[in-house]
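For this chain, numbers begin at 1 and follow the sequence in order.
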Amino acid sequence: MASGAPVREIQEETKCPICLEYLRDPVTIKCGHNFCQVCITQYCETWAELDSDPLCCPSCRARIPKGTLQKNCQLANIAEKIKELDFKPGKKNLCERHGKALDLFCDEHGEAVCVVCERSSEHRTHPVLLLEEAAQKYKKQTETERQKIVSEFQQLRQFLEEQERLLLAQLEKLDEEIVKIHNENITKLSEEISYLSELISEMEGKCQKPASEFLQDVRSTLSRWEKGKFQQPEEISPELEEQVSDFSQKTIVLMETLRKFKDTLPSALESLGAHRQANVTLDPDTAHPILVLSEDGKSVRWGDTRQRLPDNPERFDTELCVLGCEGFTAGRHCWEVEVGGEGYWAVGVARESVARKGGISRSPEGGIWAVEWWGGRFQALTSPATPLPRSRAPSRIRVCLDCGRGQVTFIDAGAGAPIFTFPPGSVPGERIRPWLGVWGGSRLRLSP
């Protein structure tokens, strides 16, 4: 099907002004406008119930005399043909659901939408930009991120090069000390060998003389031998041995640190993927009455007393937790949670339909995917719980939600190291919201 303004105009002419879909069983009213038979009939019935007179056209407000709806079979055939052409598989730049141009961009879901999608309940409350405006916005953001990455890696390279220089300088100094001792020992040994060679030559010469002459100064010769007796080469001092041992230990630590860095960085980046930073706030209507939320909706803590709050259907009445206001059904999203205070806490996500009343299972079976710090133990809330090998809890946790893959990943935001991943397909395809649990003296805060 050809593209361009004339095509879009034809498409508009074959859409019902009420439901905005292609005309089904179209009828024409006196003013000339066309509607789906079901849509205009329901419109007329609703108008009659309101006891409003006169009945007017939804498009131009012209009066609609009773009994003037006429079926338009020719338009029905045209609409069907346009619909068939418009929904060919593989069609680009047109919405698969509505057949309209994808010239808008939903900033919340990160996807191109048409004008009908924008008005739907799924996107109505989301910020929507023109496609070109969104492209320019993300080009600027991409360039900013590129500069940040280049700067960070440049600083890392400079830091590593400086550490390399310092370590090589230390190693060179140790090497010079060892070479110095080695050379000094060689010099001493050479002198000893030369002296002994002279003494041996002298003794061999005297051995050729008569006994009486030989015995005259034998004592002097032996005395010279005792004075020039061979001495052991100088050994490495304890101080130098300690320096060599320390440097060897530094090398072991360096190799282990670099190995962990090389292993951790790719996996952390892979886990994060192309997640968009979500600005999450907490929903006060869901918070258990003993939990206290900050005015900006960014933090929650344990309260001393149970607050007198309405027992609305959304509120947890037994489980000490709260949901985020934001819900996600598509795309990749991430946010960070700062952990403070002493006590027990849990961080994760929950499905929209998670039970709010009575005891609930803090596990995937109960509609919750999270990690928790409980009784000095760090664990993932699987069924049963999975212990996580950490002696202390992270101070900042990044939650990464991939709606498309149905996967949740937790990362130590301070160290950049993965903590735990609920595998693909674990999270169902329904609206998912941030979930925080607080017990005792703990306090959780969502990063800006």
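In this model, a donor atom of one side chain and an acceptor atom of the other lie less than 3.5 Å apart for Glu143 and Gln147. Under the 3.5 Å distance criterion, with hydrogens and angles disregarded, a donor-acceptor pair is assigned to the side chains of Ser299 and Ser294.
When side chains are defined from C-beta on, Ser395 does not count as touching Val339, because their heavy atoms never get closer than 4.5 Å. Residues Cys321 and Arg362 form no side-chain contact, since every pair of their non-hydrogen atoms from C-beta on lies 4.5 Å or further apart. Within the 4.5 Å cutoff, side-chain heavy atoms of Thr286 are placed close to those of Arg356. Here the side chains of His333 and Gln277 are not in contact, with every heavy-atom distance at 4.5 Å or above. Residues Glu430 and Glu352 form a side-chain contact, since some pair of their non-hydrogen atoms from C-beta on lies under 4.5 Å apart. A 4.5 Å side-chain heavy-atom check between Thr421 and Val408 finds every atom pair outside the cut-off. Side-chain contact between Thr281 and Glu326 is present, with at least one heavy-atom pair separated by less than 4.5 Å. When side chains are defined from C-beta on, Thr409 counts as touching Gln407, because their heavy atoms get closer than 4.5 Å.
Closest heavy-atom contact between Leu102 and Ala112: CD2-O, 3.9 Å. When every heavy atom of Trp435 is checked against every heavy atom of Val349, the shortest pair comes out as CB-C, 3.8 Å. Listed here is the closest heavy atom pair of Pro289 and Phe316: CD-O, 3.7 Å. Of all heavy-atom pairs spanning Phe105 and Leu131, the tightest one is CB-CD1, 4.0 Å. Of all heavy-atom pairs between Gly343 and Trp373, the closest is O-CD1, 3.6 Å.
Between the Asp317 side chain and the His288 main chain, no donor and acceptor come within less than 3.5 Å of each other. Proximity of a side-chain donor or acceptor of Ser120 to a complementary backbone N or O of Cys117 within less than 3.5 Å is detected. Of the possible polar contacts, none joining the Asp107 side chain to the His126 backbone as a donor-acceptor pair under 3.5 Å is found. Counting only distance, with no hydrogens or angles, the side chain of Ser201 and the backbone of Ser197 share a donor-acceptor pair below 3.5 Å.
Taking CD of Glu365 as the reference point, atom OG1 of Thr382 lies at 8.5 Å (rounded to 0.5 Å). A distance of 5.5 Å separates CH2 in Trp302 from CG in Leu320, rounded to the nearest 0.5 Å. Atoms SG and NE2, on Cys114 and His98 in that order, are 5.5 Å from each other to the nearest 0.5 Å. Annotation: the span from Asp402 atom CG to Cys400 atom SG amounts to 9.5 Å, rounded to 0.5 Å. Put simply, CZ on Phe422 and OG1 on Thr386 are 7.5 Å apart, with the number rounded to the nearest 0.5 Å. Between the CG atom of Leu293 and the CG atom of Leu282 there is a distance of 5.0 Å, given to the nearest 0.5 Å.
Look at Asp283 and Arg315 and you find no salt bridge, because none of the NZ, NE, NH1 or NH2 atoms lies under 4.0 Å from a carboxylate O. In this structure, Lys180 does not pair ionically with Glu177, as no charged nitrogen and carboxylate oxygen lie closer than 4.0 Å. Look at Arg124 and Glu118 and you find no salt bridge, because none of the NZ, NE, NH1 or NH2 atoms lies under 4.0 Å from a carboxylate O. Looking at Lys357 and Asp311, a side-chain N of the basic residue comes within less than 4.0 Å of a carboxylate O on the acidic one, giving a salt bridge. Using a 4.0 Å cut-off between charged side-chain N and carboxylate O, Arg396 and Glu336 make a salt bridge.
Heavy atoms of other residues, nucleotides or ligands lying less than 6.0 angstrom from CD of Glu256 number more than 12.
Partner of Gln307 under the side chain to side chain contact (heavy atoms under 4.5 Å, CB included) criterion, out of Val292, Leu291, Ile290: Val292 alone.
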In a table with atom names and distances, give each donor-acceptor pair under 3.5 Å that connects a side chain of residues 149-158 to protein atoms at least two apart or in another chain.
from	atom 1	to	atom 2	distance (Å)
Ser151	OG	Gln155	NE2	3.3
Gln154	OE1	Arg157	NH2	3.0

>> Let's go through Lys188 and Asn183 carefully: what are the C-alpha distance in whole Å and the side-chain angles of both, what is the deciding distance for side-chain hydrogen bond (donor to acceptor under 3.5 Å, both in side chains) to 0.1 Å, and is it a yes or a no?
In response: CA-CA 9 Å; Lys188 289 180 180 179; Asn183 291 336; over 6 Å; no
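Aromatic ring pairs are classed by plane angle as parallel below 30°, tilted from 30° to 60° and perpendicular above 60°; the pair Trp345 and Phe378 is tilted.
Note: Phe328 and Trp335 meet the aromatic proximity criterion, with ring centroids under 6.0 Å apart.
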